[in-house]
4 protein chains.
Amino acid sequence: MAGSKIAPGPIVTKNELGPRARRKVQRPQAILQAAFEEFVERGYTATRIEDVAARASVTKGTVYLYFQNKEELFQHVVGKLSQPIFDEKQFLEQHQYRSCDELVRLFLDTLYDHMTVNQHSREILRFLIADGRRFPTLGSTHFDQFVQPLMTMFDRILQKGVREGVFEIWTNDHISQILISPALTYAIEMFLSADNTKLPELKIYINTHYEMVMRTIRKARLDMSDTTRLRGYSEALYC
Amino acid sequence: MAGSKIAPGPIVTKNELGPRARRKVQRPQAILQAAFEEFVERGYTATRIEDVAARASVTKGTVYLYFQNKEELFQHVVGKLSQPIFDEKQFLEQHQYRSCDELVRLFLDTLYDHMTVNQHSREILRFLIADGRRFPTLGSTHFDQFVQPLMTMFDRILQKGVREGVFEIWTNDHISQILISPALTYAIEMFLSADNTKLPELKIYINTHYEMVMRTIRKARLDMSDTTRLRGYSEALYC
Amino acid sequence: MAGSKIAPGPIVTKNELGPRARRKVQRPQAILQAAFEEFVERGYTATRIEDVAARASVTKGTVYLYFQNKEELFQHVVGKLSQPIFDEKQFLEQHQYRSCDELVRLFLDTLYDHMTVNQHSREILRFLIADGRRFPTLGSTHFDQFVQPLMTMFDRILQKGVREGVFEIWTNDHISQILISPALTYAIEMFLSADNTKLPELKIYINTHYEMVMRTIRKARLDMSDTTRLRGYSEALYC
Amino acid sequence: MAGSKIAPGPIVTKNELGPRARRKVQRPQAILQAAFEEFVERGYTATRIEDVAARASVTKGTVYLYFQNKEELFQHVVGKLSQPIFDEKQFLEQHQYRSCDELVRLFLDTLYDHMTVNQHSREILRFLIADGRRFPTLGSTHFDQFVQPLMTMFDRILQKGVREGVFEIWTNDHISQILISPALTYAIEMFLSADNTKLPELKIYINTHYEMVMRTIRKARLDMSDTTRLRGYSEALYC
DNA sequence: GATGAATGAGGATTCATTCAT
DNA sequence: AATGAATGAATCCTCATTCAT
């Protein structure tokens, strides 16, 4: 920009930024974070730009310095959240020597962990549902960017299991979606219960979910005689 | 509930109501219906009382004749929706001679049918999620009135199956909730996909869901040599 | 509207309006008048709806009850002003026995009268000039509705004079426009001089204007010895 | 005037200015020019300092370095424009041997030329009319600096004609103003017609204007018998 | 009971102006 | 001298709510 010609302030030889420049980089981040929190707390319509600004410790005007308007701000917030929560390749490589059963368990653990720990991954759902009508693109965008990758990865694990003869999938119709569903239910319960009093204890919930998955897809081995088998590896992974 | 004020006093066996009285009874119903539709379409904040009024073919003032304010109107709308979608006793009596497998299937069919056909049953979810923060009571109210009964009924079916020796349930922790989850996922997908292009075909989806449930809970499949393999432990857990 | 069904208030048999209805008719007029005055005083951009409202003794909201937004209000104001200031047929019939000289004088008198007495007829010019860029349609609309009729009428008078042999017009090019110009100059001076101190005295100004017109178009003056001096050439040009 | 601060200190006979000093001189000029163009395009209120700055290739801050605030900037712009468009003495000396008829024609040609070619001379009018109320001094200032000199010069030509016995002025009341009026009308039409489609062809318009003037003021000579006299000199001057 | 005109608090957005760099 | 990030007053417009008819 024009600034480069004039080189305002010290000619920075090192890679340090002046306080102005540093702030200019941080501001939009701070605003996005503040906006996220406000949107989460109140929803799109009820969120006031002024509150976003206050939370980011700036004033109204500053928000408009970085974002055209409220809608654009919202889109940016959601866009940032829609990023895939974990990298497929990395996941598979990292755990390439695990059994398929263990992969399923790891997948679930990672998924619930994200949902629980990472507020972002969870609250985006609320946006999509609450303001989906107002921003029709959001839904499909998020689906492509966030949900689809999850599904695909789970599918890969299933297929791996099938190839290795440990899983048996009787249909390809929506099977991943159905098997993952309890995680969604849990997420939704999380924001339905204002106080988390009635919320299921996560550990136990995952156990049951995992068991459901395994019972659904594990190949029935004729020579099974160890009734405690299910317990074993589950406990090995999850303590 | 609040509905009692408004509820048309169902059983008017004798003399019909005069036109005045009839209107007095119908007006609030019409307004509630209109409000429901508007709230569904736009969410709480974005819904304007005037639009509700117009949709109900009355004027703003009239709305305030029957409801204190916008918030009360909303509460009434949600309250009305939260009523259980199907009656447990009736369901069980009606199908008392069915096998447990069939009961599960019937339960699922009924559930999906309600969600698909009955906009109310589906959209209430959106309310809860979208405006849950604004109305903290909603979540738990709805849970008690709407979700819990569903859960309980499914539980009864499971228990019946266990008693009859066809189902085997290894845990009591959230099992109903987890087994029903795919229905919730479907509902959410319904309002996330603006156009219903990508929506799974319902029949197939239910089939997979049903299969998942049965594989999870059905006692040792016939083609397995050891049909009793899991019994002991399941009974130990489930009392 | 809905009101008719219910007939609010007394069933008015005579042609009296209730206080509400009466106000409803008067309000838009009052708002338009107030808007006109504010726009005149400050121009489009600097005029605040709230001030318009205050001047009309209502509140902001009421203005928006009758006009979509500021721009529409402005358009209405201008539209109302653009109406022709006097009726051509009526003017000609009313004065059919006057001499052409008298008609010219009457035309000028009427024109200046409107400009002087009727603030509207004068101030519209300011709008067109000041905010013409913002509302491109205004200019041509006003020209068609307001200026063109004036011009046409003046033309008719000239032609009448030519037919009767008292006027002689050597060209058709913009002659009306040029002969009327001093009125425009006067109008503009009127709003350029904040205090009307330096303003020409109207009567004298019109006299000079009239004389200018007559000297330009009157056929050979009587005190000239050669009354036919210009005839040939004028007829050649004007057909 | 205010211009003195900014005016480049006209007579720099000796040593050239260094780049710094040169910029110090050029900046305000560039800003004034940019401001002029923006004010012309949008009017006072709708013009944003930032746009002025951008057009002058500087930043907002720089504008405030040279001008206290928006209003002062505007005053400077108008002040600069109000300078007389042509020098009376120069004009008269330059054309001292022309006939009075020719002087009138020359005067008109110069006037229209300025209005047409020189955007400044024309647009100042728009300022005065559009924002006259906001800046009451503007009107009279401009009148004194711009209009009055024009009028006076035209008066001088008339008086010269009278002295030489070719013009006959029957009154002193506003005669110059009235005779010059068509030029104003033309100017106004220029900015009323967004596209210059309907605009009169300038050459022809001036011809008619000139003819009007001459018919109004030329002394009726008894011995006139040459009906083509008017054509002659008009064509001589204007081809 | 019903109406709908009127209200005015509230929120999005703009932009002149300041000032640290 | 120049920059441009930050400010916040100002203004348009909306809409829940009231109340005279």
Side-chain angles (χ1 to χ4, degrees), chain A residues 1-10 18-24 27 45-51 53 57-71 73, chain B residues 20 23-24 27 45-53 58-66 68-71 73, chain C residues 1-10 17-24 27 45-51 53 57-71 73, chain D residues 20 23-24 27 45-53 58-71 73:
Chain A
M1 279 253 91
S4 54
K5 266 189 261 165
I6 315 277
R20 281 281 282 285
R22 187 161 51 246
R23 263 217 306 264
K24 191 182 175 177
R27 282 278 196 260
T45 318
T47 290
R48 306 173 334 132
I49 290 289
E50 191 149 17
D51 291 340
S57 303
V58 296
T59 54
K60 269 176 310 181
T62 306
V63 176
Y64 284 94
L65 220 54
Y66 295 100
F67 303 92
Q68 286 283 313
N69 50 37
K70 193 178 173 182
E71 181 164 342
L73 177 60
Chain B
R20 175 77 68 96
R23 213 167 47 209
K24 187 173 177 179
R27 278 272 199 268
T45 320
T47 290
R48 304 172 331 130
I49 292 289
E50 186 148 23
D51 291 340
V52 171
V58 297
T59 54
K60 270 179 309 195
T62 307
V63 175
Y64 282 90
L65 226 51
Y66 295 100
Q68 283 288 313
N69 52 33
K70 192 180 174 182
E71 182 163 340
L73 177 60
Chain C
M1 279 251 87
S4 55
K5 266 188 263 165
I6 315 278
L17 292 167
R20 280 282 281 287
R22 187 162 50 247
R23 263 217 304 266
K24 191 182 175 176
R27 281 280 196 259
T45 318
T47 290
R48 303 169 343 127
I49 291 289
E50 191 149 17
D51 291 340
S57 303
V58 296
T59 54
K60 266 176 316 182
T62 307
V63 175
Y64 285 94
L65 221 53
Y66 295 100
F67 302 92
Q68 286 284 313
N69 51 35
K70 193 177 172 184
E71 182 165 340
L73 178 60
Chain D
R20 175 77 69 94
R23 213 166 47 209
K24 188 174 176 179
R27 279 272 199 269
T45 318
T47 290
R48 304 173 329 132
I49 291 289
E50 187 146 21
D51 291 341
V52 171
V58 296
T59 54
K60 270 179 309 192
T62 307
V63 175
Y64 282 91
L65 226 50
Y66 294 101
F67 304 92
Q68 283 287 314
N69 53 33
K70 192 179 174 183
E71 184 163 340
L73 177 60

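The figures that follow rest on heavy atoms only: side chains count, while hydrogens, waters and symmetry mates do not. Chain letters run A, B, ... following the sequence lines, proteins first and then strands; every chain starts at 1.
Considering only the side chain of D/Ile49, E/dA16 comes nearest among E/dA16, F/dC12, F/dA16. Looking at the side chain of D/Asn69, the nearest of the listed nucleotides E/dT13, E/dA6, E/dT17 is E/dT17.
Atom CG of D/Asp51 is separated from atom C1' of E/dC15 by 10 Å (rounded to the nearest Å). In this structure, C/Arg27 atom CZ and E/dA6 atom C1' are separated by 8 Å, rounded to whole Å. Distance OH (C/Tyr66) to P (F/dC13): 18 Å, rounded to an integer number of Å. If you take CG of B/Leu73 and P of F/dA16, they are 11 Å apart, rounded to a whole angstrom. Residue D/Glu50 contributes atom CD, which lies 9 Å from atom P of E/dA16 at whole-angstrom precision. Between C/Arg48 atom CZ and F/dC13 atom C1' the separation is 14 Å, expressed in whole Å. What separates NZ of B/Lys70 from P of F/dC15 is a distance of 9 Å, to the nearest Å.
In this structure, A/Lys70 and A/Thr47 approach most closely via the heavy-atom pair NZ-O, 2.8 Å. Scanning both residues, D/Ala53 and D/Val63, for their nearest heavy atoms gives CB-CG2, 3.8 Å.
In this structure D/Thr45 satisfies the side chain to side chain contact (heavy atoms under 4.5 Å, CB included) test together with C/Thr45, C/Ala46, D/Arg134, sequence neighbours excluded. Every residue meeting the ring pair (Phe, Tyr, Trp, His ring centres under 6.0 Å) condition with C/Phe67, not counting sequence neighbours, appears here in chain and number order: C/His76. Take D/Glu71 and apply the side chain to side chain contact (heavy atoms under 4.5 Å, CB included) test, not counting sequence neighbours, and it matches D/Tyr44, D/Asn69, D/Gln75, D/Phe135.
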Dot-bracket encoding per residue of DNA chain F, Watson-Crick/G-U cut-off under 3.5 Å, | denoting interstrand: .||||||||||||||||||||
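Between the OG atom of C/Ser57 and the CZ atom of C/Arg27 there is a distance of 8.0 Å, given to the nearest 0.5 Å. We find the NZ-CG distance between A/Lys60 and A/Asp51 to be 11.0 Å, quoted to the nearest 0.5 Å.
Residues of residues 58-65 of chain C that place a heavy atom closer than 4.0 Å to DNA chain E, in numerical order, are C/Val58, C/Thr59, C/Lys60, C/Gly61, C/Thr62, C/Leu65.
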Determine whether C/Ile49 and C/Leu73 satisfy the following criterion, side chain to side chain contact (heavy atoms under 4.5 Å, CB included), listing intermediate values before the conclusion. CA-CA 9 Å; C/Ile49 291 289; C/Leu73 178 60; 4.1 Å; yes
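Heavy atoms of A/Phe67 sit nowhere under 4.0 angstrom from any nucleic acid atom. Among the heavy atoms of the strands lying under 4.0 Å from A/Thr47 are primed sugar atoms or P, OP1, OP2 only; no base atom is included.
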